[in-house]
Amino acid sequence: MENKFIKESAAELLEKLCKNGAEKEKEILSVVNKHSLIAAGAGWIPIPFVDIILVVGNIWTMYAAINKVIGISFSDNLLKSIGSGVVANLSSAIISQALLSCLKAIPGIGTVSAGLILTACNYATCVAAGYVYMRALTIIANEDGGIDPSDPDLKKNSSVLLRNKKQKDKRLGMKSRKNTL
């Protein structure tokens, strides 16, 4: 599957990092698609809340895989902060999904209903996390194509995207979860 917004975000990130190339762009698309499908499948785990734990862990694994493709170490505290910020930004979606996960406690119809709904929600959450993470990396990348963890303005710049996103949502009368990708 090819998502136009993920593709454009990957291309912009690679351009900013001076790592242009259709091959790397395809790798990033593949990472986001693979992790989004894993997240979608997690909706069918019949035990309430286990799926949510898997989705959050899967998102972190996706961040690490994206970083590997672009050659950035995930061990830097800053990148962990960015990842945490993205997950926090998506927390309303994750909380909603946790509530839906409670439906799985109802045998039969509850399990099937929750599975169907969570498949779509988990997929969308993972795609959104990939998109926002790449946008945040694009914002904090230096003009020379690198990310300097010692830059004093780095944390401030990395939060710009999330703040602007929330302001845009308020103008559009949307909750954070209902953003268009």
Side-chain angles (χ1 to χ4, degrees), residues 1-17 19 21-45 49-70 72 74 79-101 113-141 158-169 172 174-181:
M1 254 186 270
E2 189 170 295
N3 183 311
K4 176 179 118 177
F5 298 103
I6 296 295
K7 185 176 181 172
E8 289 172 1
S9 184
E12 187 177 349
L13 173 61
L14 291 168
E15 182 179 328
K16 183 95 183 245
L17 293 174
K19 296 182 182 197
E23 193 170 309
K24 288 222 183 265
E25 188 178 309
K26 284 181 185 177
E27 282 183 64
I28 292 173
L29 286 169
S30 175
V31 165
V32 174
N33 284 332
K34 177 180 108 181
H35 287 274
S36 297
L37 291 172
I38 290 169
W44 290 101
I45 294 174
F49 305 112
V50 171
D51 54 334
I52 302 306
I53 294 167
L54 179 68
V55 169
V56 172
N58 182 53
I59 289 171
W60 279 102
T61 306
M62 178 179 65
Y63 295 161
I66 290 170
N67 286 359
K68 185 177 179 182
V69 170
I70 60 176
I72 297 174
F74 196 68
L79 295 175
K80 288 180 184 175
S81 296
I82 295 167
S84 296
V86 173
V87 170
N89 193 41
L90 297 171
S91 64
S92 64
I94 293 169
I95 290 168
S96 300
Q97 288 163 256
L99 293 173
L100 278 169
S101 188
S113 299
L116 289 170
I117 296 167
L118 286 170
T119 296
C121 291
N122 292 348
Y123 182 87
T125 298
C126 196
V127 169
Y131 173 77
V132 174
Y133 184 69
M134 285 188 286
R135 299 297 305 145
L137 288 177
T138 302
I139 286 173
I140 66 170
S158 65
S159 65
V160 167
L161 174 71
L162 299 176
R163 192 173 339 109
N164 288 345
K165 185 175 177 291
K166 285 182 181 181
Q167 289 172 352
K168 179 182 174 186
D169 292 346
L172 296 173
M174 303 167 89
K175 293 182 180 179
S176 292
R177 180 175 187 248
K178 295 186 178 183
N179 293 327
T180 54
L181 298 177

Please report the interatomic distance [atom1]([X]) to [atom2]([Y]), rounded to the nearest 0.5 Å.
X     : Y      : atom1 : atom2 : value
Ile38 : Asn122 : CD1   : CG    : 12.0 Å
Glu27 : Lys34  : CD    : NZ    : 11.5 Å
Tyr63 : His35  : OH    : NE2   : 11.5 Å
Glu25 : Leu13  : CD    : CG    : 10.5 Å
Leu14 : Met134 : CG    : CE    : 9.0 Å
Met62 : Trp60  : CE    : CH2   : 10.5 Å

Contact check, side chains of [X] and [Y], non-hydrogen atoms, under 4.5 Å:
X      : Y      : result
Gln97  : Asp51  : no
Leu118 : Val55  : no
Tyr133 : Asn67  : yes
Ile59  : Cys126 : yes
Lys24  : Ile70  : no
Leu137 : Leu17  : no

So which heavy atom on Ala10 is nearest to which on Ile28, and how close?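 Shortest heavy-atom separation between Ala10 and Ile28 comes out as CB-CG2, 3.8 Å.
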
State, to 0.1 Å, how close Ser36 and Val127 come at their nearest heavy-atom pair, and which atoms those are.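 What the structure gives for the nearest pair is OG-CG2, 3.2 Å.
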
May I ask you to decide if Leu54's main-chain N or O and Asn58's side chain share a donor-acceptor pair within less than 3.5 Å?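 No; zero donor-acceptor contacts below 3.5 Å.
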
Within the distance-only criterion (no hydrogens, no angle test), does the side chain of Ser30 pair as donor or acceptor with the backbone N or O of Lys26 below 3.5 angstrom?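 Judged by distance alone, no pair lies under 3.5 Å.
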
Where do Trp44 and Leu116 land on the side-chain contact (heavy atoms from CB on, under 4.5 Å) test, with the steps shown first? CA-CA 8 Å; Trp44 290 101; Leu116 289 170; 3.8 Å; yes

Partners passing side-chain hydrogen bond (donor to acceptor under 3.5 Å, both in side chains) against Glu12 (at least two apart in sequence or in another chain):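 Per chain and number, Glu12 pairs via side-chain hydrogen bond (donor to acceptor under 3.5 Å, both in side chains) with Arg135.
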
Residues that Ser9 engages under side-chain hydrogen bond (donor to acceptor under 3.5 Å, both in side chains), provided they are two or more places apart: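 Counting only residues at least two positions away or on another chain, Ser9 forms no side-chain hydrogen bond (donor to acceptor under 3.5 Å, both in side chains).
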
Step-by-step side-chain contact (heavy atoms from CB on, under 4.5 Å) determination, Val32 to Asn3: CA-CA 9 Å; Val32 174; Asn3 183 311; over 6 Å; no

Which is it for Ile66 and Ile72 under the side-chain contact (heavy atoms from CB on, under 4.5 Å) test, yes or no, and what are the steps along the way? CA-CA 9 Å; Ile66 290 170; Ile72 297 174; over 6 Å; no

